[in-house]
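Only one structure is covered here, and it is reproduced in the block below.
Note that the structure is predicted; figures quoted are calculated from it, not measured.
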Amino acid sequence: MPSFTFVSTANAFVLRGAVPVFIDIRQDTLNIDETLIEQAITPRTKAICVVHYAGVACEMDVILDVARRHGLVVVEDAAQGIMSSYHGRALGTLGELGAFSFHETKNIISGEGGALLCRDNTYCERAEIIREKGTNRSRFFRGQVDKYTWVDVGSSYLPGEITAAFLAGQIEEADSITAARLQLWNTYHSFFATFEGNGKLRRPIIPPGCVHNAHMYYLLLNSVDERGRFIEQMKALGVQTVFHYIPLHSAPAGRAHGRVSGSMEVSDSLSERLVRLPLWVGLEEHMPHILDAASKCLV
Ligand SMILES: *Cc1c(COP(=O)(O)O)cnc(C)c1O
């Protein structure tokens with residue numbers, strides 16, 4: 001898995017006794033560098049976990065081929081990737097398992113919540129048991145067994161009805177939410193083109209074949225100091241901008257539970273220079289102010 005990701009990517013595996021092996025990212029998409037995966041594989045490797053950062057697809061053809069040749073499972077952390085695609089195929093549907101997040105910070109939300117997509121029906125059956133506290137209650141409700149019982153280790157992963165109802169409404173609006181976000185994303189992208197031309201920053205890069213969902217608009221500044229100044233000055237002008245992630249290989253729990261494969265140079269460098277701009281449906285009226293503030297901070 002990449003080191004440049006949210007902690008949940010690693011926690012999911014550590015909770016089940018696995019050791020995450022961190023791999024560096026690509027300069028362009030900040031996704032796992034697919035050319036470094038093969039050299040990290042050992043006889044004990046079980047899965048390749050990819051993260052579609054900012055809703056932009058990883059190089060899945062290469063990754064799926066490596067997995068096939070080594071008999072590995074591909075798990076997609078598509079937390080940021082709902083409504084995005086890779087050569088026409090939806091993110092989250094390309095590996096054996098795909099996970100979406102409906103956390104309040106994502107595109108389609110229910111406060112907290114998520115979805116698991118399974119390619120194979122046996123995974124679906126097991127997932128159904130795990131999310132129902134390790135019981136076969138779902139089979140009972142379908143009349144497939146006459147009583148339900150504890151059959152596996154599980155927990156309570158089901159959303160409540162009110163959360164689910166809210167989410168259903170969000171999903172109905174998924175197209176319009178995505179379109180509204182893309183409009184904001186494109187406004188940022190056009191605006192920052194000249195700053196990129198002047199060497200002030202680098203804008204996100206979307207490779208051919210990747211259709212993205214405008215999950216995030218970020219800038220890569222030239223140094224950690226420039227980023228610090230930018231965040232501070234934007235704040236003084238009333239615009240909150242944030243950075244992420246502390247690469248997991250350098251975090252206390254990452255050092256305790258995982259290990260690195262190869263250099264982490266790109267992860268370390270880009271994570272120090274990345275800044276996220278506000279992006280939410282309804283932001284439009286604030287856009288002139290944000291862009292004006294940014295141009296003042298980038299002189
Ligand atoms: C948000 C996010 C998660 C966590 O999602 P939860 O719904 O909080 O579990 C995992 N991975 C990535 C890359 C994320 O952005």
Taking atom types as modelled, is there a side-chain donor on Gln80 or His52 under 3.5 Å from an acceptor on the other? no
Could you tell me whether a side-chain N or O of Thr9 sits under 3.5 Å from a main-chain N or O of Thr5, the two making a donor and an acceptor? no
Is a salt bridge present between Arg273 and Glu226, judged by a nitrogen-to-oxygen distance below 4.0 Å? no
Within 6.0 angstrom of Leu15 CG, more than 12 heavy atoms from elsewhere: yes
Lys235 NZ to Gln240 CD distance, which is reported to the nearest 0.5 Å: 8.5 Å
Distance from Asn136 atom CG to Trp150 atom CH2, nearest 0.5 Å? 13.0 Å
With a 3.5 Å cut-off and no angle check, do the side chains of Thr105 and His103 form a donor-acceptor pair? yes
Please determine whether a side-chain nitrogen of the Lys or Arg among Glu132 and Arg137 lies less than 4.0 Å from a carboxylate oxygen of the Asp or Glu. yes
Distance-only side-chain donor-acceptor flag, His249 / Asp268, under 3.5 Å: yes
Donor-acceptor pair, Arg26 side chain versus Asn31 backbone, under 3.5 Å? no
Approximate separation, where rounding is to 0.5 Å, of Ile48 CD1 and His70 NE2: 8.0 Å
Can you tell me if Ser3 uses its side chain to pair, donor with acceptor, with the backbone of Ile23 under 3.5 Å? no
Any ion pair linking Glu128 and Arg142 (charged N to carboxylate O, less than 4.0 Å)? yes
Are the side chain of Thr187 and the backbone N or O of Gln183 linked by a donor-acceptor pair below 3.5 Å? yes
With a cut-off of 6.0 Å (strictly less than), are more than 12 heavy atoms of other residues, nucleotides or ligands near CD of Gln144? yes
Shortest non-hydrogen separation from Glu112 to Thr163 and the atoms involved: O-CG2, 3.7 Å
Identify the residue among Val56, Thr29, Thr178 that makes a side-chain contact (heavy atoms from CB on, under 4.5 Å) with His212. Val56
Under 3.5 Å, is there a donor-acceptor pair between the side chain of Glu76 and the main chain of Gly92? yes
For Leu116 against Ala127, the heavy-atom pair lying closest together: CD2-CB, 3.8 Å
Is the Tyr218-His244 ring centre distance short of 6.0 angstrom? no
If only atom types and distance count, is the side chain of Ser84 paired as donor or acceptor with the main-chain N or O of Asn213 below 3.5 Å? yes
Any chance CD of Glu284 has more than 12 other-residue heavy atoms, nucleotides or ligands included, within less than 6.0 Å? no
State, with a plain yes or no, whether a side-chain heavy atom of Thr42 is found less than 4.5 Å away from one of Val21. no
Dump the intermediate steps for side chain to side chain contact (heavy atoms under 4.5 Å, CB included) on Met83 and Leu91, then the final yes or no. CA-CA 7 Å; Met83 307 293 283; Leu91 302 193; over 6 Å; no
Counting heavy atoms not belonging to Glu125, are there more than 12 under 6.0 Å from its CD? yes
Does any donor atom in the side chain of Asn107 or Arg181 lie under 3.5 Å from an acceptor atom in the other side chain? yes
Going by the angle between their ring planes, with limits at 30° and 60°, are Phe4 and Tyr245 parallel, tilted or perpendicular? perpendicular
Salt bridge or not for Asp65 and Arg69, using N-O below 4.0 Å? yes
Co-membership, hydrophobic cluster, residues Met287 and Leu277, 4.5 Å side-chain: yes
Contact between Phe100 and Asp77 at the side-chain level, heavy atoms closer than 4.5 Å - yes or no? no
Out of curiosity, Ser261 OG to Met264 CE, how far, rounded to the nearest 0.5 Å? 6.5 Å
Is the closest side-chain donor-acceptor distance between Ser223 and Asp225 under 3.5 Å? no
Is there a side-chain contact between Arg139 and Tyr148, using heavy atoms and a 4.5 Å cut-off? no
Can you tell me if Leu64 has over 12 outside heavy atoms packed within less than 6.0 Å of its CG? yes
Main-chain N/O of Cys118 paired with Glu96 side-chain donor or acceptor, under 3.5 Å: no
Report whether Ile25 and Val7 are members of the same hydrophobic cluster (ILVMFWY, side-chain heavy atoms less than 4.5 Å apart, transitive linking). yes
With a 4.5 Å heavy-atom cut-off, do Lys133 and Leu158 have their side chains touching? yes
Quick one: CG on Leu30 to CG on Asp24, what's the gap to the nearest 0.5 Å? 10.0 Å
Heavy atoms only: give me the nearest Pro278-Leu283 pair and the separation to one decimal. O-CD2, 3.2 Å
Heavy-atom side-chain proximity of Ile129 to Thr135 below 4.5 angstrom: no
Donor-acceptor contact below 3.5 Å, side chain Gln170 vs main chain Ile109: yes
Charged N to carboxylate O under 4.0 angstrom, Arg126 versus Asp120? no
Single-linkage hydrophobic cluster Leu182~Leu291, side-chain heavy atoms < 4.5 angstrom: no
Cluster check Ile82, Met216: I/L/V/M/F/W/Y, side chain < 4.5 angstrom: no
CG on Leu220 to CZ on Arg202, rounded to 0.5 Å: 5.0 Å
Is the shortest side-chain heavy-atom distance between Phe13 and Val19 below 4.5 Å? no
Please confirm whether Arg227 makes a cation-pi placement over Phe243, using NZ or CZ under 6.0 Å from the six-membered ring centre and within 45° of the ring normal. yes
Could you state whether Ile32 and Leu94 fall into the same hydrophobic cluster, counting links through intermediate Ile, Leu, Val, Met, Phe, Trp or Tyr residues with side-chain heavy atoms under 4.5 angstrom apart? yes
Min side-chain heavy-atom separation Ile108-Ile177 under 4.5 Å: yes
Option from Phe192, Tyr217, Trp280 for which ring pair (Phe, Tyr, Trp, His ring centres under 6.0 Å) with Trp185 holds: Tyr217
Could you tell me whether the side chain of Arg276 reaches within less than 4.5 Å of the side chain of Thr241, counting heavy atoms only? no
Would you say Asn198's side chain and Lys200's backbone share a donor-acceptor pair under 3.5 angstrom? no
Heavy-atom donor-acceptor pair, Asp292 side chain to Pro288 backbone, under 3.5 Å: no
